[in-house]
Amino acid sequence: QVQLVESGGGLVQAGGSLRLSCVASGRAFRTTTFGWFRQAPGKEREFVTSIAWRGGSTIYGDSVKGRFTISRDNAKNTVSLQMNNLKPEDTAVYYCAARSGGVPATSRYEYDYWGQGTQVTVSS
């Protein structure tokens, strides 16, 4: 079992930055692959980014490439999402997700554990 708690959401103007954090507990952090997803009202949950448990390889959704960066701190059991040059279309609830081992994954169905989500609102 893995528990995930996100933080760091808020309101920011277009062009600004936010940093989201996800603290994990309950399982060996080093052998867990993490992902970030987001869901805007009336839309499907969308893949944002993922980081592998070993080697730190990453993948990004096309809409965030070059603006968002995922990282992990194994000593602190924390995964972070640095979001720069935010746009109004980035407004959504952002969810941290975890899966056992493996490589980065883009499908929500490949993740076993989810956090409660944190709201990000970007004003124009």
Side-chain angles (χ1 to χ4, degrees):
Q1 193 77 359
V2 177
Q3 293 78 45
L4 304 171
V5 179
E6 304 101 330
S7 62
L11 173 64
V12 64
Q13 289 187 331
S17 299
L18 279 176
R19 186 176 182 87
L20 305 184
S21 294
C22 173
V23 178
S25 61
R27 190 182 184 277
F29 183 87
R30 286 180 176 78
T31 58
T32 300
T33 291
F34 291 91
W36 285 96
F37 290 75
R38 65 187 183 186
Q39 189 165 18
K43 294 189 176 181
E44 293 289 320
R45 192 163 297 190
E46 175 190 16
F47 171 75
V48 175
T49 181
S50 179
I51 187 166
W53 73 271
R54 184 170 59 185
S57 62
T58 59
I59 52 175
Y60 293 89
D62 289 341
S63 62
V64 305
K65 281 181 182 176
R67 300 188 299 123
F68 290 12
T69 303
I70 189 172
S71 61
R72 62 190 296 159
D73 185 337
N74 289 345
K76 297 181 179 179
N77 285 7
T78 299
V79 178
S80 298
L81 179 64
Q82 178 65 41
M83 306 185 294
N84 297 328
N85 190 20
L86 283 160
K87 304 175 181 180
E89 51 264 43
D90 294 318
T91 295
V93 176
Y94 282 71
Y95 296 91
C96 178
R99 61 191 294 260
S100 302
V103 298
T106 61
S107 170
R108 58 182 290 191
Y109 300 106
E110 297 187 75
Y111 290 84
D112 303 305
Y113 307 101
W114 294 84
Q116 81 287 352
T118 185
Q119 177 70 48
V120 171
T121 303
V122 184
S123 63
S124 57

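Positions are given from 1, in the same order as the sequence printed here.
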Nearest-0.5 Å distance that lies between atom [atom1] in [X] and atom [atom2] in [Y]:
{"X": "E110", "Y": "S100", "atom1": "CD", "atom2": "OG", "answer": "12.0 Å"}
{"X": "L11", "Y": "Q119", "atom1": "CG", "atom2": "CD", "answer": "9.5 Å"}
{"X": "Q1", "Y": "S25", "atom1": "CD", "atom2": "OG", "answer": "9.5 Å"}
{"X": "Y94", "Y": "E46", "atom1": "OH", "atom2": "CD", "answer": "7.5 Å"}
{"X": "I51", "Y": "S80", "atom1": "CD1", "atom2": "OG", "answer": "9.5 Å"}

Note to self: When you compare the side chain of V48 with that of Y95, does any pair of heavy atoms fall below 4.5 Å?
What the structure shows: no
Next item on the list: Check whether any side-chain heavy atom of Y60 sits under 4.5 Å from a side-chain heavy atom of R67, and report yes or no.
Entry: no
Next item on the list: Looking only at non-hydrogen atoms, find the nearest pair between A98 and V2 and report the distance.
Entry: CB-CG1, 4.4 Å
Notebook entry, point to check: Between S63 and R38, what is the shortest heavy-atom contact and its length?
Noted result: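 In this case the closest contact between S63 and R38 is OG-NH2, 3.2 Å.
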Can I get a per-line list of side-chain donor-acceptor pairs under 3.5 Å for residues 12-19, giving both atom names and the distance, sequence neighbours left out?
| from | atom 1 | to | atom 2 | distance (Å) |
| --- | --- | --- | --- | --- |
| S17 | OG | N84 | OD1 | 2.9 |
| R19 | NH1 | Q82 | OE1 | 3.1 |

Item checked: Single-linkage hydrophobic cluster L81~Y113, side-chain heavy atoms < 4.5 angstrom ->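 Yes, because L81 and Y113 connect within a single hydrophobic cluster, where side-chain heavy atoms sit under 4.5 Å apart.
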Next item on the list: Would you kindly confirm whether F68 and V122 end up in one hydrophobic cluster when ILVMFWY residues are joined by side chain heavy atoms under 4.5 Å apart?
Entry: yes
Next item on the list: Would you check, one step at a time, whether the test side chain to side chain contact (heavy atoms under 4.5 Å, CB included) holds for S57 with V103?
Entry: CA-CA 8 Å; S57 62; V103 298; 5.7 Å; no
Between the side chain of [X] and the main-chain N/O of [Y], is any donor-acceptor distance below 3.5 Å?
{"X": "R72", "Y": "T33", "answer": "no"}
{"X": "T49", "Y": "I59", "answer": "yes"}
{"X": "E6", "Y": "C22", "answer": "no"}

Margin query: Looking at K87 and D90, is there a salt bridge between them, counting it only when a charged N and a carboxylate O are closer than 4.0 Å?
Written below: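 K87 and D90: not salt-bridged.
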Item checked: Residue pairs involving residues 56-89 (criterion disulfide bond (SG atoms under 2.5 Å apart); sequence neighbours excluded) ->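 Listed by first then second residue: nothing to list.
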Note to self: Walk me through whether F34 and L4 qualify under side chain to side chain contact (heavy atoms under 4.5 Å, CB included).
What the structure shows: CA-CA 10 Å; F34 291 91; L4 304 171; 3.8 Å; yes
Margin query: Looking only at the side chains, is there a donor atom on one of S50 and Y111 sitting less than 3.5 Å from an acceptor on the other?
Written below: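 Yes, a side-chain donor-acceptor pair sits under 3.5 Å.
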Next item on the list: Start with the C-alpha gap between M83 and W36, add the side-chain angles, then the distance that decides, and say whether side chain to side chain contact (heavy atoms under 4.5 Å, CB included) holds.
Entry: CA-CA 12 Å; M83 306 185 294; W36 285 96; over 6 Å; no
